Amino acid sequence: QVQLVESGGGLVQAGGSLRLSCAASGFASNRYSMAWFRQAPRKEREFVAGITRSDFNTRYAASVKARFTISRDNAKDTVFLQMNSLKPEDTAYYYCAATRTEYGLEFSPAYDYWGQGTQVTVSS
C-alpha cells in the first residue's frame with residue numbers, strides 16, 4: 001500500500017522555524033521526484049519546493065526561496081522541508097507528493113501519489 005505520511009506541522013510565531021517530514025512507503029521512492037505543495041483556505045493548491053529523483057536538483061516557489069530548504073534521505077525514504085523565517089502568509093495545509101518525472105515539478109497533475117497533509121499555522 002502506497003503511503004506518504006507528513007509530520008512536523010504546528011503553530012509557530014512569525015520569524016520562527018518548522019521542519020516537515022514526509023515518510024514514504026509501499027513504493028520505490030528513490031525512483032521518484034518529490035515535492036511539497038500547500039493550500040491555504042479559499043486558495044488553490046500551490047507548489048512550494050521540489051527535489052528530483054536522480055541528482056537531487058531542487059526547485060522553489062519564488063515566495064519561499066532563500067527561506068525554505070527541501071532535502072531527501074533515500075536510505076530512510078523520507079523527504080524534508082526546513083522552513084525558516086516563517087510568515088503568516090505561509091499558513092496552509094502542506095502536502096507531500098511523488099512523481100516519476102524530473103520535469104515540470106511545479107505542476108500538480110504530474111504527481112502520482114499524495115499524502116494527507118499537515119497543518120502549518122504562523123501567528124503574527
Side-chain angles (χ1 to χ4, degrees):
Q1 180 183 0
V2 170
Q3 279 193 310
L4 292 172
V5 179
E6 301 94 337
S7 61
L11 174 64
V12 64
Q13 287 190 332
S17 298
L18 282 174
R19 188 191 196 205
L20 304 184
S21 298
C22 171
S25 61
F27 68 107
S29 64
N30 61 330
R31 297 180 181 180
Y32 285 71
S33 299
M34 304 293 290
W36 290 92
F37 286 77
R38 66 186 182 187
Q39 187 166 17
R42 298 175 297 280
K43 290 189 177 181
E44 292 188 356
R45 184 166 53 190
E46 65 175 357
F47 172 81
V48 175
I51 185 166
T52 59
R53 61 183 180 181
S54 58
D55 50 9
F56 293 12
N57 278 336
T58 57
R59 300 186 186 115
Y60 296 93
S63 59
V64 307
K65 207 167 186 178
R67 298 188 298 122
F68 290 10
T69 302
I70 187 171
S71 61
R72 64 190 299 166
D73 183 344
N74 281 351
K76 297 182 179 179
D77 294 316
T78 303
V79 178
F80 304 97
L81 185 68
Q82 178 66 44
M83 304 186 296
N84 298 330
S85 302
L86 282 161
K87 304 175 181 180
E89 51 263 44
D90 294 317
T91 295
Y93 220 74
Y94 283 70
Y95 297 90
C96 176
T99 176
R100 291 296 301 268
T101 184
E102 292 193 297
Y103 306 98
L105 296 187
E106 297 84 353
F107 300 105
S108 58
Y111 287 82
D112 302 292
Y113 306 126
W114 291 85
Q116 294 298 308
T118 185
Q119 176 69 43
V120 171
T121 303
V122 184
S123 63
S124 56

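This one's a predicted model, so the numbers in the text were calculated from it and none came from an experiment.
- Rounding to the nearest 0.5 angstrom, the gap separating the CD1 atom in I51 from the CG atom in L105 is 10.0 Å.
- With T91 contributing its side chain and V122 its backbone, the two residues share a donor-acceptor pair below 3.5 Å.
- Atoms CD and CZ, on Q3 and F27 in that order, are 10.5 Å from each other to the nearest 0.5 Å.
- Side chain of R53 to main chain of R100: a donor-acceptor pair is present (N/O by atom type, distance under 3.5 Å, no hydrogens or angles).
- The hydrophobic cluster containing Y93 does not contain F68, counting ILVMFWY residues as joined when their side-chain heavy atoms lie under 4.5 angstrom apart, directly or transitively.
- Here the CG-CG distance, from L81 to L18, works out to 9.5 Å after rounding to the nearest 0.5 Å.
- With hydrogens and angles ignored, the 3.5 Å screen pairs a side-chain donor or acceptor of E6 with a backbone N or O of Q116.
- The main-chain N or O of T101 is found under 3.5 Å from a side-chain atom of S33 such that the two form a donor-acceptor pair.
- Closest approach of S29 and A24 over heavy atoms only: CB-CB, 3.7 Å.
- Remark: E46 engages R38 in a salt bridge (Lys or Arg N to Asp or Glu O under 4.0 Å) (not counting sequence neighbours).
- The minimum heavy-atom distance linking S124 with P88 is given by the pair CB-CG, 3.8 Å.
- The CE atom of M34 lies 9.0 Å from the CG atom of N74; values are rounded to the nearest 0.5 Å.
- Here the closest heavy-atom approach between residue S17 and residue N84 is recorded as OG-OD1, 2.9 Å.
- Transitive grouping of hydrophobic side chains (ILVMFWY, heavy atoms separated by less than 4.5 Å) keeps M83 and F80 in distinct clusters.
- Applying the salt bridge (Lys or Arg N to Asp or Glu O under 4.0 Å) rule to pairs touching residues 59-74 yields R67-D90, sequence neighbours excluded.
- The side-chain contact (heavy atoms from CB on, under 4.5 Å) test with V79 singles out one residue from L4, I70, L20, and that residue is I70.
- Residue T52 holds its OG1 atom at 15.5 Å from OH of Y32, rounded to the nearest 0.5 Å.
- Counting only residues at least two apart or in different chains, ring-ring contact (aromatic ring centres under 6.0 Å, His included) contacts with residues 35-66 comprise F37-F47, F37-Y111, F37-W114.
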ask   = Which is it for E102 and N57 under the side chain to side chain contact (heavy atoms under 4.5 Å, CB included) test, yes or no, and what are the steps along the way?
value = CA-CA 9 Å; E102 292 193 297; N57 278 336; over 6 Å; no
